[in-house]
Amino acid sequence: MATASPRSDTSHNCNGRLQMQVTVSSAKLKRKKNWFGTTFYTELTADGEIKKTAKSSSSSNPKWDEQLTVNVTPQTTLEFRVWSHHTLKADALLGRATVDLRQALEVHNRKLEKVKEQLKLSLENKSGMVQTGELTVVLDGLVVEQESLTNLSSSATIEVQQNGEAVHESRDASARSSSRSACDISNGIDNQVPSSSVMQNTFCVEAVNGDSTQSPNHVAARPKNTPVPKPLEAQPVNSTVNGESSASAPEAGNSSVSEAPTGSVEAPVSSADCTNDTAEPQSATEATSCSESHSSASPVEFECINEKKRQKKKNYKNSGIVSVKHCEIIVECTFLDYIMGGCQLNFTVGIDFTGSNGDPRSPDSLHYLSPNGVNEYLTAIWSVGMVIQDYDTDKMFPAFGFGAQIPPSFQVSHEFPINFNPSNPFCNGIQGIVDAYRACLPQLKLYGPTNFSPIINHVARFAAAATQQQTASQYFILLIITDGVITDLDQTRTAIVNASKLPMSIIIVGVGGADFDAMEFLDGDDGVLRSSSGEPAVRDIVQFVPFRKFQNSPKEALAQCVLAEVPQQVVNYFSTYKLQPPKNPAAK
């Protein structure tokens with residue numbers, strides 16, 4: 001086990017492992033076809049621990065600049081996978097890269113402190129491995145002593161239980177075999193993961209070698225009613241199932257008792273090589289999976305059988321035992337599962353009535369109604385609202401204005417109903433919003449400043465109340481239409497960070513030709529948005545779209561872009577808090 005040099009940013013967890021920070025910066029992808037509305041994220045795996053970045057909407061050069069903290073040892077191999085996500089398609093693997101921490105530590109004098117690495121992404125297809133792009137990451141916070149790396153290279157003798165007898169085996173880190181996880185069952189690469197309702201098995205296993213001779217990686221598992229394995233006589237060297245270690249990298253010549261961590265691993269039981277003593281490539285094997293929930297004091301056990309050995313050796317019993325201690329079925333709902341299951345999308349509109357829009361009576365004003373009775377504000381409301389309203393059963397939408405002096409006292413308000421009815425701010429359908437807008441406009445005096453936080457906090461209060469429900473029944477969408485000159489940026493950042501913990505999304509449509517840098521900043525696609533105090537947003541809930549980019553496009557194009565991230569935001573929130581739709585699809 002490596003030991004950390006004294007420094008404040010390197011720490012051990014309860015298992016004596018080390019914490020390090022991995023910043024996933026950006027990627028350059030080689031893609032032939034870009035689907036509209038596709039987002040991208042990176043998945044980091046370290047000894048069975050999985051971390052994911054937020055999703056980036058950039059098609060060929062996604063940026064995250066997101067720091068992930070993982071628990072490692074100096075012999076851990078970091079695996080990076082870049083995925084594309086589309087609401088209407090299954091997630092697709094775009095490329096894979098690995099970092100051997102032991103090699104990296106040797107190269108950088110046992111210190112990984114803000115080390116920038118440009119990794120080559122590759123993917124296996126029918127013609128072999130192909131380069132699919134580059135991934136830039138920064139490794140930080142891992143420092144080890146010289147003797148730790150030296151010990152990793154030296155041979156050691158261990159004592160394990162094997163078929164009831166103590167056996168001495170030597171292990172050599174230099175002879176480690178290349179391993180694959182249970183998820184990488186297609187030549188080491190996952191080509192796709194399902195995005196619709198998926199039945200996943202999560203389980204804890206322990207494997208016990210039943211044969212003292214070496215066995216190849218191709219091992220089939222079959223059920224067997226055997227007693228629970230005897231306690232270990234020595235500390236397990238690794239935790240290996242299907243050739244991948246959940247505590248440290250597997251090593252050749254290692255005939256040890258292996259036990260997986262007590263946490264769940266989200267992968268079906270495929271093939272398991274408990275001896276893991278050869279570097280031969282894996283092939284397709286017979287797979288045994290958990291088909292239903294199981295949790296009891298007596299684990300379900302399976303023998304690991306190597307058919308070639310069984311044919312050659314008369315006294316061959318098995319190559320180990322896989323013990324499934326816990327197995328549960330997890331249903332992953334899609335956006336349509338939530339909607340069809342009874343989830344309501346609550347749509348609220350916030351309209352900017354500040355003086356920077358110009359005098360509504362002037363043709364130069366963004367609020368000026370053309371002879372046919374429309375302007376950029378109304379077009380945005382129509383384009384987005386006509387899509388959203390189909391997801392709301394009563395089609396009653398609250399609509400608010402901000403930044404204007406309102407009658408009768410003409411005090412500035414940053415949160416007033418445009419129908420001037422505070423007790424009932426709801427408008428009947430999108431046409432009701434349009435009618436209320438046209439009726440209130442002549443009665444207002446456009447003023448300022450432009451404050452977003454009051455209306456965001458207003459909707460957030462209703463979203464917070466919805467969190468008391470035990471199902472995924474309510475989700476709130478706030479559409480803010482503005483000319484882009486924001487005044488309370490710090491307060492708005494804090495309001496958005498707080499709202500990221502709630503069932504809520506914010507869509508900002510920028511009208512006019514003003515500078516929208518502040519809106520792009522709030523979007524968070526180029527990095528995690530933080531409050532003025534430094535608190536990061538739990539998830540990205542803001543989508544910004546400049547209206548004039550779609551001014552000459554069909555109305556459907558604006559709606560499609562504006563709502564591109566909402567389905568995933570809905571799924572992300574409810575899956576994070578493990579909330580099922582009121583009409584649970586799993587019950588069917």
Under 3.5 Å, sequence neighbours excluded: what are the donor-acceptor pairs made by side chains of residues 432-441?
unit_1, atom_1, unit_2, atom_2, d
Asp435, OD1, Gln431, NE2, 2.8
Tyr437, OH, His367, ND1, 2.6
Tyr437, OH, Asn375, ND2, 2.9
Arg438, NE, Gly373, O, 3.4
Arg438, NH2, Gly373, O, 2.6

Original post:
Looking only at heavy atoms, which two atoms of Cys343 and Phe574 are closest? And how far apart?
Top reply: SG-CE1, 3.8 Å
Subject >> Shortest non-hydrogen separation from Asp392 to Phe347 and the atoms involved >> reply: OD2-N, 4.4 Å
Subject >> Val566 side chain reached by Gln543 side chain, heavy atoms, under 4.5 Å >> reply: no
**OP:** Taking the side chain as every heavy atom from C-beta outward, state whether Phe426 and Asn421 have any pair of such atoms under 4.5 Å apart.
**Re:** no
Original post:
Ser365 side chain to Asn357 main-chain N or O, any donor-acceptor pair under 3.5 Å?
Top reply: yes
Subject >> Stepwise salt bridge (Lys or Arg N to Asp or Glu O under 4.0 Å) test for Asp490 and Arg493 >> reply: CA-CA 5 Å; Asp490 287 345; Arg493 288 163 55 192; 3.1 Å; yes
Original post:
Side chain of Gln580, backbone of Cys333: donor and acceptor closer than 3.5 Å?
Top reply: no
**OP:** Indicate the atoms forming the closest heavy-atom contact of Ser500 with Ile541, along with that distance.
**Re:** N-CD1, 3.7 Å
**OP:** Salt-bridge test for Glu328 and Lys578: reply yes if a basic N is under 4.0 Å from a carboxylate O, no otherwise.
**Re:** no
Original post:
Are Asp488 and Thr492 linked by a side-chain donor-acceptor pair shorter than 3.5 Å?
Top reply: yes
Original post:
Would you say the side-chain atoms of Tyr475 pair up with the backbone N or O of Met504, donor to acceptor, closer than 3.5 Å?
Top reply: yes
Original post:
Backbone N or O of Ala464 within a donor-acceptor pair of the Thr467 side chain at under 3.5 Å?
Top reply: yes
Original post:
Do other residues, nucleotides or ligands put more than 12 heavy atoms under 6.0 Å from Lys52 NZ?
Top reply: no
**OP:** Using modelled atom types only, decide if a donor and an acceptor are shared between the side chain of Thr379 and the backbone of Glu376 within a distance under 3.5 Å.
**Re:** no
Original post:
Is there a side-chain contact between Ile507 and Ile477 (heavy atoms, below 4.5 Å)?
Top reply: yes
Original post:
For Glu49, what residues pass the side-chain contact (heavy atoms from CB on, under 4.5 Å) criterion, not counting sequence neighbours?
Top reply: Lys51, Val70, Asn71
Original post:
So, Asn451 and Gln491: side-chain donor and acceptor under 3.5 Å apart, yes or no?
Top reply: no
Subject >> Trp64 side chain to Phe40 backbone, donor-acceptor under 3.5 Å >> reply: yes
**OP:** With side-chain contact (heavy atoms from CB on, under 4.5 Å) as the test, would you mind laying out the steps for Leu78 and Leu139 before giving the verdict?
**Re:** CA-CA 10 Å; Leu78 303 179; Leu139 310 178; 4.1 Å; yes
**OP:** Kindly say whether Thr42 contributes a backbone atom to a donor-acceptor pair with the side chain of Thr53 at under 3.5 angstrom?
**Re:** yes
Subject >> Side-chain donor/acceptor of Asp540 to backbone N/O of Val528, under 3.5 Å >> reply: no
Original post:
Which class fits the ring pair Phe420 and Phe416: parallel under 30°, tilted 30 to 60°, perpendicular over 60°?
Top reply: parallel
Original post:
Less than 6.0 Å separating the ring centroids of Phe402 and Phe452?
Top reply: yes
Subject >> Gap between atom NZ of Lys445 and atom CG of Asp359 - 0.5 Å precision >> reply: 12.0 Å
**OP:** Kindly give the heavy-atom pair with the smallest separation between Pro581 and Asp337, and that separation in Å.
**Re:** CG-O, 3.7 Å
Original post:
Is a donor on one side and an acceptor on the other found under 3.5 Å between the side chain of Asn572 and the backbone of Gln569?
Top reply: no
**OP:** Evaluate the side-chain proximity of Ile339 to Leu345: yes if any heavy-atom separation is below 4.5 Å, no if none is.
**Re:** yes
Original post:
Is there a donor-acceptor contact under 3.5 Å from the side chain of Glu565 to the main chain of Leu563?
Top reply: no
**OP:** Measure the spacing between CD of Gln344 and CG of Asp394 and express it to the nearest 0.5 Å.
**Re:** 7.0 Å
Original post:
Which atom pair, heavy atoms only, marks the closest approach of Gly350 to Ile455?
Top reply: CA-CD1, 3.4 Å
**OP:** Tell me, please, which residues at least two apart from Asp483 pass side-chain hydrogen bond (donor to acceptor under 3.5 Å, both in side chains).
**Re:** Ser356
Original post:
Given the rule in the side-chain contact (heavy atoms from CB on, under 4.5 Å) test, do Leu479 and Ile388 qualify, once you have shown the distances and angles that lead to the verdict?
Top reply: CA-CA 10 Å; Leu479 170 65; Ile388 289 290; over 6 Å; no
**OP:** Report the C-alpha distance between Thr450 and Thr482 in whole Å, list the side-chain angles of each, state the deciding distance to 0.1 Å, and finish with yes or no for side-chain contact (heavy atoms from CB on, under 4.5 Å).
**Re:** CA-CA 9 Å; Thr450 306; Thr482 179; 4.3 Å; yes
**OP:** Of all the heavy-atom pairs spanning Ala559 and Val387, show the shortest one and how long it is.
**Re:** CB-CG2, 3.7 Å
Original post:
Do the charged groups of Glu134 and Lys120 touch, with an N to O distance under 4.0 Å?
Top reply: yes
Original post:
If you count the non-hydrogen atoms of other residues, nucleotides and ligands that lie under 6.0 Å from OH in Tyr391, is the total more than 12?
Top reply: no
